[in-house]
Amino acid sequence: MSYHLEGRLLEVCNCRVLCPCWIGEDPDFKTCDTIVSWHFDHGTIDGVDVTGTTLALVAHLPGNILKGNWTAAVYISDNASDEQEKALLSVYTGQAGGPVAELVKLIGTVVSVERAPISFDVRGGKGTLTIGADYYAELEPYLGPTGEKTTLSDTVFSTVPGAPVFVGKAPVYRSKNATIGIDVDLQNHNALQSTFLFDA
């Protein structure tokens with residue numbers, strides 16, 4: 001099984017800026033409630049074209065991110081075909097190996113896999129994410145003295161292994177999932193954005 005995936009990441013959570021999970025420290029509030037979404041601008045998985053689809057995890061982390069045991073709900077954009085959904089799940093369950101498998105092995109329990117309307121409008125550290133009626137986030141980047149976006153790289157943990165991320169904040173972050181026990185409505189907490197290239 002092989003895959004080539006290129007696209008953009010948006011991640012928000014209830015930690016303060018900057019989320020300590022990326023450097024292997026404990027979450028600011030002992031646990032972490034997050035949305036991690038990958039939009040595929042180009043991609044194939046075993047010959048199946050997944051260009052234009054999005055996969056998102058809504059997850060609760062019970063402690064240090066590197067210890068795993070996440071509880072997650074998986075959402076796949078409703079523009080995906082059955083074939084595309086099957087292909088994406090083969091990667092995001094770890095069956096296809098590669099860099100994504102190293103990340104998703106941290107998930108202990110998946111409570112649901114659902115299709116949902118997903119709007120992913122994020123470029124260059126700025127934009128919005130909407131998943132159905134229960135999840136919404138806005139993203140604004142931090143800027144350096146020259147006006148360039150502040151970036152983070154070479155971290156012990158990453159949802160885009162091998163790629164730097166834009167450091168930002170979420171002016172709005174809403175997430176509600178009764179099964180996982182998430183009910184978040186926050187302003188100006190952690191947000192990150194990146195581009196990624198995964199090959200296996």
Side-chain angles (χ1 to χ4, degrees), residues 3 5-15 19 21 31-45 48-62 65 68-96 99-101 103-123 127-139 158-160 165 170 172-186 189-196 198:
Y3 57 84
L5 300 170
E6 299 179 47
R8 289 165 282 148
L9 165 95
L10 172 61
E11 176 182 332
V12 292
C13 74
N14 64 326
C15 287
C19 175
C21 298
T31 64
C32 186
D33 293 325
T34 185
I35 301 173
V36 186
S37 56
W38 298 266
H39 178 78
F40 307 103
D41 292 314
H42 305 284
T44 57
I45 302 168
V48 177
D49 189 344
V50 296
T51 299
T53 63
T54 305
L55 183 143
L57 299 179
V58 174
H60 173 76
L61 285 58
I65 201 165
N69 201 30
W70 306 2
T71 302
V74 178
Y75 291 91
I76 296 171
S77 55
D78 60 3
N79 67 329
S81 67
D82 290 346
E83 184 181 37
Q84 288 172 321
E85 177 178 340
K86 183 179 178 181
L88 288 168
L89 289 176
S90 74
V91 173
Y92 280 83
T93 56
Q95 297 174 47
V100 179
L103 171 65
V104 298
K105 71 181 182 183
L106 297 170
I107 299 172
T109 303
V110 174
V111 298
S112 61
V113 177
E114 301 178 43
R115 297 278 189 90
I118 299 178
S119 173
F120 187 106
D121 184 17
V122 181
R123 291 186 184 276
T128 60
L129 170 72
T130 306
I131 306 171
D134 292 325
Y135 311 101
Y136 176 75
E138 298 175 3
L139 171 64
S158 176
T159 48
V160 282
V165 297
V172 179
Y173 166 38
R174 295 194 298 268
S175 181
K176 191 170 186 178
N177 187 301
T179 303
I180 301 177
I182 293 175
D183 191 354
V184 172
D185 189 351
L186 297 172
H189 281 243
N190 176 71
L192 297 163
Q193 201 255 307
S194 183
T195 57
F196 60 82
F198 298 146

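The chain is numbered in sequence order, starting from 1. Note that this is a predicted model, so its numbers are computed, not measured.
- Y75 meets the ring pair (Phe, Tyr, Trp, His ring centres under 6.0 Å) test with Y135; sequence neighbours excluded.
- S158 meets the side-chain hydrogen bond (donor to acceptor under 3.5 Å, both in side chains) test with no other residue; sequence neighbours excluded.
- Residues satisfying the ring pair (Phe, Tyr, Trp, His ring centres under 6.0 Å) test with Y92, not counting sequence neighbours, are W38.
- Every pair passing salt bridge (Lys or Arg N to Asp or Glu O under 4.0 Å) that includes a residue from residues 31-43 is listed here, sequence neighbours excluded: R8-D41.
- Residues passing the ring pair (Phe, Tyr, Trp, His ring centres under 6.0 Å) test with H39, sequence neighbours excluded: F120.
- One finds the CG atom of L139 at 11.0 Å from the CD atom of E11 (value rounded to the nearest 0.5 Å).
- Minimum heavy-atom separation, I131 to A56: CD1-CB, 3.6 Å.
- Counting only residues at least two apart or on different chains, the salt bridge (Lys or Arg N to Asp or Glu O under 4.0 Å) pairs with a member in residues 105-114 are E102-K105.
- Taking each heavy atom of A72 and I107 in turn, the nearest pair found is CB-CG2, 4.2 Å.
- The distance from the OG atom of S194 to the CG atom of L9 is 6.0 Å, given to the nearest 0.5 Å.
- Of the N and O atoms on the side chains of T53 and Q84, not one donor lies less than 3.5 Å from an acceptor on the other residue.
- In this structure E85 satisfies the salt bridge (Lys or Arg N to Asp or Glu O under 4.0 Å) test together with R115, sequence neighbours excluded.
- E83 is linked by a side-chain hydrogen bond (donor to acceptor under 3.5 Å, both in side chains) to nothing, counting only residues two or more places apart in sequence or in another chain.
- Remark: F40 pairs with F196 by the ring pair (Phe, Tyr, Trp, His ring centres under 6.0 Å) rule, at least two apart or across chains.
- At a threshold of 4.5 Å between non-hydrogen side-chain atoms, the residues V74 and L57 count as touching.
- Just one residue in the list I118, V50, L89, T54 forms a side-chain contact (heavy atoms from CB on, under 4.5 Å) with I76, and that residue is L89.
- In this structure, L5 CG and I45 CD1 are separated by 5.0 Å, a value rounded to the nearest 0.5 Å.
- Partners of Y3 by side-chain hydrogen bond (donor to acceptor under 3.5 Å, both in side chains), not counting sequence neighbours: none found.
- In this structure, C13 and C19 approach most closely via the heavy-atom pair SG-SG, 3.8 Å.
- Taking CG from N177 and CD1 from I182, the interatomic distance works out to 6.0 Å, rounded to the nearest 0.5 Å.
- Legend: residues meeting side-chain hydrogen bond (donor to acceptor under 3.5 Å, both in side chains) with D49, ordered by chain and number and at least two apart, are T51.
- No side-chain heavy atom of T93 sits under 4.5 Å from any side-chain heavy atom of V110.
- For the pair L129/S119, no side-chain contact is recorded, criterion being any heavy-atom separation below 4.5 Å from C-beta on.
- Expressed to the nearest 0.5 Å, how far CG of L186 lies from OG of S175 amounts to 9.5 Å.
- By the 4.5 Å heavy-atom criterion applied to side chains, T179 and S112 are not counted as neighbours.
- Distance OG1/T34 to CD1/I65: 7.5 Å, rounded to 0.5 Å.
- Scanning for side chain to side chain contact (heavy atoms under 4.5 Å, CB included) contacts around A137 gives V12, with sequence neighbours left out.
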Handout entry: side-chain contact (heavy atoms from CB on, under 4.5 Å) evaluation trace for C32 with N14
Key = CA-CA 6 Å; C32 186; N14 64 326; 3.8 Å; yes

